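Here the structure comes first, spelled out in structure tokens, and everything after it is commentary.
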Amino acid sequence: MDNRLNPSWVHTRLAALVQHQEKGQSIFSKPEISCRAARMEQLWQEFFSDPSQWWDNRFIKKSPKYPDFKHKTRNEGLWMDGLLNPPWVRTKMATMAMGRRQSGGGLSSRVPNSFGNGDNACKLCQEGRLNEALHMVELMVQQDTQVPIIVYVGLMKGFARRKALAEGKRVHALIVQSGIASDIFLGNILVDLYVKCGSVLDAWKVFNAMPEHNVCSWTTIISAYVDHGQYEQAINLFQQMLQTGVAPDKVAFVVVLKACARIAALEEGKQLHSQIIKSGFESDVIVGSVLVDMYAKCSCIEHARQVFNNMHERDVMSWTTMIAGYAQQGLGNEALTLYEQMKQEGVQPVDVTYVLLLKACASIAALEQGKQFHSHIKESGFQSNLIVGNALVDMYAKCGSIEHACQVFNNMHERDVVTWNAMITGYAQQGLGKEALTLFERMKQEGLQPDAVTYVVLLKACASISFLEQGKQLHYQIIRSGFESFLIVGNTLVEMYVRCGKIEDARQVFTNMHERNLVSWTLMIAGYTQQGLGKEALALYEQMKEEGVQPDDVMYVVLLKACASIAALEQGKQLHSLIIRGGFQLHVIIGNTLVDMYAKCWSIKDARQVFNGMHERNVVSWTAMLAGYVQQGLGQEALALYEQMKQEGVQADIATYVVLLKACASISALEQGKQFHSHIIESGFESDLIVGNTLVDMYAKCGSIECAREVFNNMHERDVVSWNAIISGYAQEGLGKEALTLLEGMQREGKKPNEVTYASVLSACSHSGLVEEGCHLFHSMCNDHAVTPTVDHYACMVDLLGRAGCLADAEDFINKMPIQPDAVVWKTLLGAARNRGHVEIGRHAFDQVMRLEPENTGAYVLLSNILSNSWQEV
């Protein structure tokens with residue numbers, strides 16, 4: 001009463017009350033008040049007749065608004081200092097307390113005689129001595145002594161922090177034994193206990209057994225499912241909550257929005273947005289930020305920005321969330337622009353903001369902007385932050401500045417596995433596979449254990465440089481570490497073996513995988529296709545269908561390439577039908593691959609039909625159709641299509657010019673080829689190695705060996721293909737000595753001649769009559785350079801000897817071949833016999849051709865010429 005902080009009206013109200021009582025007037029004179037007073041007297045009578053039906057909250061209630069006693073079933077409350085209490089209540093309470101002290105019975109189990117054991121248990125909980133407190137509570141329950149609810153709360157929250165499931169279950173059992181398990185407050189905390197101990201099933205059982213649920217109950221169980229990755233169940237539970245009439249609060253909305261974001265449930269997210277607007281929570285800064293995040297993760301960045309723009313209040317996390325949305329969608333420029341706007345509004349970034357800004361820089365290789373952020377990070381004191389340091393390493397690596405990445409990495413006082421992964425990834429992305437593997441060894445030496453991401457990056461590094469042995473060693477370590485069962489690791493192992501040319505090892509890994517997704521099947525089928533094993537690829541696709549896996553657009557591209565590799569036209573057509581049914585025919589990459597497949601299956605009409613029916617065509621589409629014509633030997637049609645391509649405003653790229661030069665070569669269109677050469681120079685493509693090789697080949701096949709040599713001499717870089725092209729050109733012109741000189745020059749430059757090189761030079765020697773040089777070259781190829789001769793090389797030698805008139809030597813050479821001669825070899829001898837009019841050798845060669853190729857009409861013509869010339873001589 002004498003508290004100085006009491007409001008001034010307290011004394012006035014009390015004075016009025018005293019005056020009423022002095023005058024004998026009842027303060028309950030109004031009818032409604034009298035009714036309430038009568039009900040209150042009735043409740044107190046019920047309480048004293050059976051106190052066991054009431055909860056005693058006097059020692060645990062946190063607010064005066066909460067009743068001192070609460071009925072266990074009706075939820076009606078009684079307050080000791082209630083103004084409507086009958087005057088006899090306090091007397092009755094004092095009498096009951098005295099009787100309890102004298103007899104030790106009565107209300108002893110429900111109304112504590114002192115703070116005694118309850119206070120001691122509370123103190124133990126506060127000191128973190130939870131097991132001692134639990135033991136004390138178990139003794140209290142055994143003695144039927146009331147345990148304050150606050151003690152149960154302390155125990156449950158303490159064991160939840162420790163994730164002590166067994167002890168939490170003991171507390172749960174005590175609550176049930178005490179008969180207070182139906183209390184909604186305790187029920188919510190029990191659900192939270194089981195959730196934090198990782199037992200969602202037990203949490204659900206408690207929730208399901210609760211006689212009533214409030215928004216806190218629902219939010220707790222929904223949050224449990226979200227935390228354990230069961231997002232669809234969480235969304236369904238939220239719908240059930242609405243059906244029971246419980247209105248969600250902002251926490252519930254935030255939790256369910258996160259579930260929608262995790263599984264990109266855009267439609268459900270939009271419905272939640274509408275409910276949030278109706279509930280009036282849209283103006284809440286936390287709800288608004290989570291809405292932005294949900295839309296961004298559902299790839300609906302425009303809606304995210306709209307929500308962001310409409311927020312009445314924005315804090316640093318709102319800005320950071322919007323920046324994160326842009327960064328996640330690969331819109332680095334938009335993220336950096338938004339940061340500038342953020343600065344203008346005076347909002348200071350935090351460490352998370354800088355992490356996202358660095359990711360934005362990495363996504364667009366904005367090195368200079370990244371360096372500026374690095375300076376700001378130093379000024380803000382965030383450089384020692386581990387996550388920020390990791391983001392800096394990642395940014396510099398992805399921007400191609402491996403030196404700066406190393407500098408940041410080496411200066412970090414603390415490094416975790418993410419740090420090492422970022423640095424290893426940086427080396428791998430720069431093609432520095434050896435350095436990546438060296439850093440991995442250093443990582444192990446420093447005692448850090450690699451995770452699945454580490455192995456994935458290292459396997460990709462091995463694949464990029466065909467480090468098969470290192471890849472196998474990593475595979476062994478992966479098995480020992482238990483990461484082989486990880487889906488992403490299994491997929492990367494398949495990819496590594498495929499790219500290292502070990503298709504059988506890849507298949508073994510694929511077969512042993514406990515789990516496979518569409519990516520697994522696509523990698524394995526693509527591996528077969530790349531190895532030229534189209535039949536195996538299509539067979540595996542049939543197995544995939546049997547397992548119920550549905551292909552996507554990427555899979556269809558791989559399958560069409562498999563059909564193209566073995567000219568499987570009928571299977572290609574079947575795939576085309578499935579593509580139309582699946583609605584994939586509008587994808588430009590599918591259309592391009594269909595054109596290529598039909599062209600390589602020698603169905604140029606189908607290729608052109610697909611090409612004409614494409615709603616969208618890019619330069620790849622035109623190039624695929626051009627290549628189809630060239631492959632069919634239809635050079636004129638290819639050049640005509642190029643004119644149409646120009647009219648539609650499509651600019652040729654390097655691949656287009658390569659195809660066009662091949663078209664010119666196929667029909668000896670020298671002038672057109674020169675025009676393309678001019679366009680190539682104007683476009684800056686002349687320095688490209690493949691373009692240079694194709695130019696040499698085009699000029700050579702068009703008979704302009706001088707232009708071919710000029711291009712060859714001006715090339716900044718030359719490979720074996722370059723040398724083969726120019727040597728072949730001289731061979732076609734019968735310039736054997738020049739071809740031999742070029743071969744010597746090639747060897748002086750350190751380029752190792754291959755089978756094609758020797759075949760071209762032998763052909764040149766044959767056309768030039770250089771028998772001795774040709775024979776010497778053949779023996780040198782076999783003995784000095786360890787090149788195993790093919791049938792083509794033997795045919796060149798037969799032609800060389802035959803042109804020189806050494807038919808007997810040529811026949812003897814064939815008879816001594818270590819491999820079975822084919823029809824081409826015998827037909828070469830037959831041609832030489834015709835030129836020399838040698839009937840006997842000609843007849844023998846003809847018989848051998850007929851044995852191998854009975855339908856070879858050309859052999860009949862050659863033999864006829866021999867016999868005709870022989871009769872004319874007679």
Side-chain angles (χ1 to χ4, degrees), residues 522 525-526 529-530 532 534 537-538 551-580 582-667 669 672-673 676 679-680 683 685 688 690-691 693-694 697-698:
T522 304
I525 292 173
T529 303
Q530 290 163 10
L538 296 175
D552 61 359
D553 52 348
V554 178
M555 174 63 83
Y556 278 124
V557 167
V558 172
L559 291 168
L560 289 171
K561 288 183 177 180
C563 292
S565 69
I566 57 173
L569 179 60
E570 290 306 314
Q571 286 167 295
K573 286 183 174 181
Q574 291 173 18
L575 288 169
H576 192 176
S577 298
L578 293 173
I579 285 166
I580 293 171
F584 293 115
Q585 74 275 15
L586 298 178
H587 294 203
V588 66
I589 189 171
I590 293 280
N592 295 344
T593 315
L594 277 167
V595 171
D596 180 69
M597 183 274 294
Y598 279 122
K600 287 179 178 173
C601 290
W602 301 91
S603 184
I604 200 70
K605 289 182 179 179
D606 287 322
R608 186 58 188 262
Q609 187 176 352
V610 171
F611 177 80
N612 291 339
M614 290 176 68
H615 298 283
E616 178 189 355
R617 291 192 292 247
N618 56 18
V619 66
V620 179
S621 317
W622 290 91
T623 304
M625 193 64 240
L626 289 167
Y629 280 128
V630 174
Q631 288 161 10
Q632 300 293 316
L634 303 171
Q636 293 288 2
E637 288 79 353
L639 297 179
L641 185 64
Y642 171 67
E643 292 302 321
Q644 183 184 338
M645 173 180 166
K646 283 198 300 181
Q647 290 171 7
E648 294 195 16
V650 181
Q651 295 295 318
D653 62 6
I654 288 178
T656 314
Y657 281 122
V658 167
V659 172
L660 290 168
L661 290 171
K662 288 181 178 180
C664 294
S666 68
I667 57 174
Q672 186 73 57
F676 288 136
H679 297 329
I680 286 167
S683 303
F685 297 143
D688 183 85
I690 296 174
V691 171
N693 293 343
T694 314
D697 182 68
M698 183 273 296

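Being a predicted model, the structure only gives us computed values, none of them experimental.
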Practice item. Side-chain contact test, heavy atoms from C-beta onward, threshold under 4.5 Å: evaluate it for Gln631 versus Trp602 and give yes or no. Key: no
Exercise for review: Quick one: list whatever passes side-chain hydrogen bond (donor to acceptor under 3.5 Å, both in side chains) with Asp606, sequence neighbours left out.
Suggested key: Ser603
Check your understanding: Got more than 12 heavy atoms from elsewhere within 6.0 Å of CD1, Ile604?
Key -> yes
**Study point:** Student check: side-chain heavy atoms of Tyr657 and Ser683 closer than 4.5 Å
**Key:** yes
Practice item. Determine yes or no for a side-chain-to-main-chain donor-acceptor pair under 3.5 angstrom, with Arg617 supplying the side chain and Trp622 the backbone. Key: no
Review point. What's the spacing between Asp553 CG and Ile590 CD1 if we round to 0.5 Å?
Key: 5.5 Å
Review point. Is the number of heavy atoms from other residues, nucleotides or ligands under 6.0 Å of Ile589 CD1 greater than 12?
Key: no
Exercise for review: Kindly give the heavy-atom pair with the smallest separation between Ala537 and Thr529, and that separation in Å.
Suggested key: CB-OG1, 3.6 Å
Check your understanding: Between Ala599 and Gly628, what is the shortest heavy-atom contact and its length?
Key -> CB-CA, 3.4 Å
Practice item. Starting at CD of Glu643, measure out to CD of Gln647 and round the result to the nearest 0.5 Å. Key: 7.0 Å
Exercise for review: Could I get the full list of salt bridge (charged side-chain N to carboxylate O under 4.0 Å, His left out) partners for Glu616, not counting sequence neighbours?
Suggested key: none
Exercise for review: Only counting residues at least two apart or in another chain, list the ones meeting side-chain hydrogen bond (donor to acceptor under 3.5 Å, both in side chains) with Asp697.
Suggested key: Lys701
In residues 633-642, what donor-acceptor pairs under 3.5 Å come from side-chain atoms, sequence neighbours left out?
none

Side-chain polar contacts of residues 556-579 - donor-acceptor pairs under 3.5 angstrom, sequence neighbours left out - could you list them?
| unit_1 | atom_1 | unit_2 | atom_2 | d |
| --- | --- | --- | --- | --- |
| Ser565 | OG | Ala562 | O | 2.6 |
| His576 | ND1 | Tyr598 | OH | 2.9 |
| Ser577 | OG | Lys573 | O | 3.3 |

**Study point:** Non-neighbouring partners of Ser666 that pass side-chain contact (heavy atoms from CB on, under 4.5 Å), sequence neighbours left out
**Key:** none
Check your understanding: Going from CD on Gln644 to CE on Met625, what distance comes out if it is rounded to the nearest 0.5 angstrom?
Key -> 10.5 Å
Practice item. Applying side-chain hydrogen bond (donor to acceptor under 3.5 Å, both in side chains), name anything that partners Tyr629, two or more places apart in sequence or on another chain. Key: Arg608
**Study point:** side-chain hydrogen bond (donor to acceptor under 3.5 Å, both in side chains) involving Asp653 - partner list, sequence neighbours excluded
**Key:** Thr656
Practice item. Please lay out, stage by stage, how Ile680 and Val691 fare under the test side-chain contact (heavy atoms from CB on, under 4.5 Å). Key: CA-CA 8 Å; Ile680 286 167; Val691 171; 3.7 Å; yes
Exercise for review: Can you measure from OG1 (Thr694) to CZ (Phe676) and round to the nearest 0.5 angstrom?
Suggested key: 13.0 Å
Practice item. Check side-chain contact (heavy atoms from CB on, under 4.5 Å) between Asn618 and all other residues, then give those that pass, not counting sequence neighbours. Key: Val588, Asn592, Val620, Ser621
